Amino acid sequence: MGFFWTIVVLVVVLGFAWRFLGSYMAAVFDGRVHFLGWLERPVYWALGTGPDHEQTWKRYAVSMIVYSGVAIGVAYLIMRIQGHLPLDPQHLGGVPQALSFNTAVSFVTNTNWQNYGGETTMSYFSQIGALTVQQFASCAVGVAVAIALVRGFARRNSPTIGNFWVDVTRFTIYVLVPVSFVAGIILVSQGAVQTLAGPATIHDALNGVTQTIARGPAAFMGSIMQFGTNGGGFFNVDLAHPLENPTGLTNLLYIVLTLSIPVALTYTFGKMVGSIRQGTALLAAMTIIFGVWVGFTSYAEHQPNPAVAAAGVANTHVGNTEGKEVRFGDTSSALFNVSMTQTSDGAVDSAGDSYNPMGGFGLLTGMMLGEVTPGGTGSGLYTILVYAIVAVFIGGLMIGRTPEYLGKKIQAKEVKLAGLAALVMPLTVLVLTGIAVSVHAGQAGPLNKGPHRFTEILYAFTSQGNNNGSAFAGLNSNTDFYNIVGAIDMLLGRFGIMIPVLALGGSLAAKQVVPPSAGTFRTDNGMFVGLTIGVILIIGGLTFFPAASLGPIVEQLSHGKFF
Amino acid sequence: MNLRVLWSALRLVLVSVVVLGLGYNLLMVGIGEAVFPGQANGSLVHYHGRVIGSKLIGQEFTSARFFEGRPSATSPTPYNAESSAASNYGPTNPALLQEIRANLARVLKQNPGIKASQVPPDLVESSASGLDPDISPRAAYLQAPRVARANHLPVGTVRALVASHVVGRFAGLYGAPHVNVLELNLALLKLDASQP
């Protein structure tokens, strides 16, 4: 019953976000929102740019890559020298090279894969100066790229697709800053910790124990990491930690924050291309897949853990409790983790490694579908638009016409770019997983045995290649091999898709619009929704099914066998 | 031209580090300190003028006179709040089976008269954070007879105490019913102190 109402609340709140945040974001990117102009103008002045400096797709891409590269360098440097910086009450000392590199890449690519335990590795300065900052920036970059692609559809005969610096600045100031502020206050009021005081030590508690409790500025990080679909928390266990996710309310708030921007961007898209229905069609495809995965995974986690059943604990009406927190319960934990793997968030409020085989399958496959349901901030929209172009192309082949999408002719160049963007991720993930299972350094990582051992490695590369950051945390991946190969995975999964997407935007913006005729293939009806879902499932299914069969599917089919 | 892009990028990154990272976070620390000082500092609980724990962080209770929390997978000791951790045992890992069997044996030994089929899973399976401050209401009721005996209290009194500490779903909707172990044990101590 509780779960049913949770879904109802979620649908209503996200409905509001879709309608109002969606139209607000369109206004922000069109330059119709000015109330924080006193913050906006000094930034343009410092950068020597402004809304009138339009960029071609190439300059847009160069700005984006240089900005990301510098961000990686600065974050890397802060972690390396944190021992000499202030705000280090635990005297943790500098972070090692390979780990700093992996972490810097991870936070700049919106992945937030974490090969470290936050409270035992990162000083407060690194947490806020190197990591929280990139949770703002990487989100804004993702959305900016998506908007640049949308402008490709919205503009005609245009050599330019907007200005990268202006898009990032506007989105940060008008969307991220206000919402993360309000959400941060709510989180603190519920008990999320936000302090610069060091750990609290308790001597001689009721039962005579002594306990030291790690603290820090975690609440604000929680707020922006979820709103920006980053997902990298302050503590080792991420959002399972009671000091960052203290109550059922904060758990729901985190889900709402994560889904808001990706869902609302479909409205923004519709608004900017002049037809809300076009955005609604994409949202429908997202929602149908998301709903199926939530149902499947929640059902799987509502079953007892096989080890509990084998030990003779016969409470069959209580689900899998290993690696879950009592205050959230089994189905709500599954809803949380599904929401984070179908976006590019990757936060966890329960240990994915201890999920039942089909529960883990639900999380893993959510990422394998390319994170478009609804996907990450910006990355969800631009990736589903890539799939939509593939769908339009297939539809065009069926009826024997040159395909069009939103009045733009989809020709060989666009189909090639879309194909490239759709295949970079599966190719990277599968090749790197293949390497990891073949070399000793890769085989040394997993904690568990049998098929679950393979799943841990596959999950790690799927997660990083999709810029998700969720983990089967039994994998010991703080090694030179996993740090460096993982960073390559994240860089290809981010920029290997963003660059063709921007090229696509540039190519579309330069085109004329073809007026719709009776023979135009419609892209705002149920048929197109079905076709898009088909493309998403076929690309994900065909590329990943063999790999998934070797992991969770074998584990599920080997009833009662322990490895 | 590319050098200019580099300078723009560097400036934007540094402005972000100072304003969004340091400045904004310190502002939130200040607001937390001013408006919600208890929560912002970790919801610490006081008893007789000293801090005896955090409401949100579980502790290890081993004495029979206290309610016990869930198994914890942190290392090197359980409920190590300096280093949160889950077991990360996969569902088909024999180590998980072994651990659950050991936990079950302990629960059955401590609470005579209880059958394995009555034990709720949260008492034998470890939590996601290793610091779960809560147990399910069933797990609390199961321990009530033992706790009552050890404290020389009527079982009915202890059961009533558990009942008054069950926290329902948030707004009746969200999360799962639970009992905070530290608060329950604190109430038990106060009850003991008020007995003649």
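Each chain gets a letter, A, B and so on, in the order the sequences are listed, and its residues count up from 1. The structure displayed is predicted, hence computed values, not measured ones.
For Pro177(B), the part sitting under 4.5 Å from any heavy atom of chain A is the backbone (N, CA, C, O) and nothing else. Heavy atoms closer than 4.5 Å to chain A are found in the side chain of Leu27(B), but not in its backbone. For Arg65(B), no part lies under 4.5 angstrom from a heavy atom of chain A. In this structure, the portion of Ser43(B) lying under 4.5 Å from any heavy atom of chain A is its side chain and not its backbone. Heavy atoms of Leu104(B) lying under 4.5 Å from chain A belong exclusively to its side chain.
If you check the side chains of Glu119(A) and Ser84(B), you find a donor sitting under 3.5 Å from an acceptor. Judged purely by distance below 3.5 Å, without hydrogens or angles, the side chains of Asn88(B) and Ser354(A) never pair a donor atom with an acceptor atom.
Side-chain atoms of Gln211(A) come within 3.5 Å of backbone N or O of Tyr79(B) as a donor-acceptor pair. Counting only distance, with no hydrogens or angles, the side chain of Arg327(A) and the backbone of Asp134(B) share no donor-acceptor pair below 3.5 Å.
Rounded to the nearest 0.5 angstrom, Ser127(B) OG and Glu325(A) CD are separated by 4.5 Å.
Counting only heavy atoms from C-beta outward, the side chains of Tyr89(B) and Asp353(A) never approach each other to under 4.5 Å. Between Ser87(B) and Glu322(A) there is a side-chain heavy-atom pair separated by less than 4.5 Å.
Using cut-offs of 30° and 60° on the angle between ring planes, the pair Tyr24(B) and Phe220(A) is perpendicular.
Interface check for chain A: of the options Ser63(B), Ser126(B), Gly42(B), the most heavy-atom pairs under 4.5 Å are formed by Ser126(B).
For residues 105-122 of chain B, every residue pair satisfying the salt bridge (Lys or Arg N to Asp or Glu O under 4.0 Å) rule, not counting sequence neighbours, is listed here: Glu68(B)-Arg106(B).
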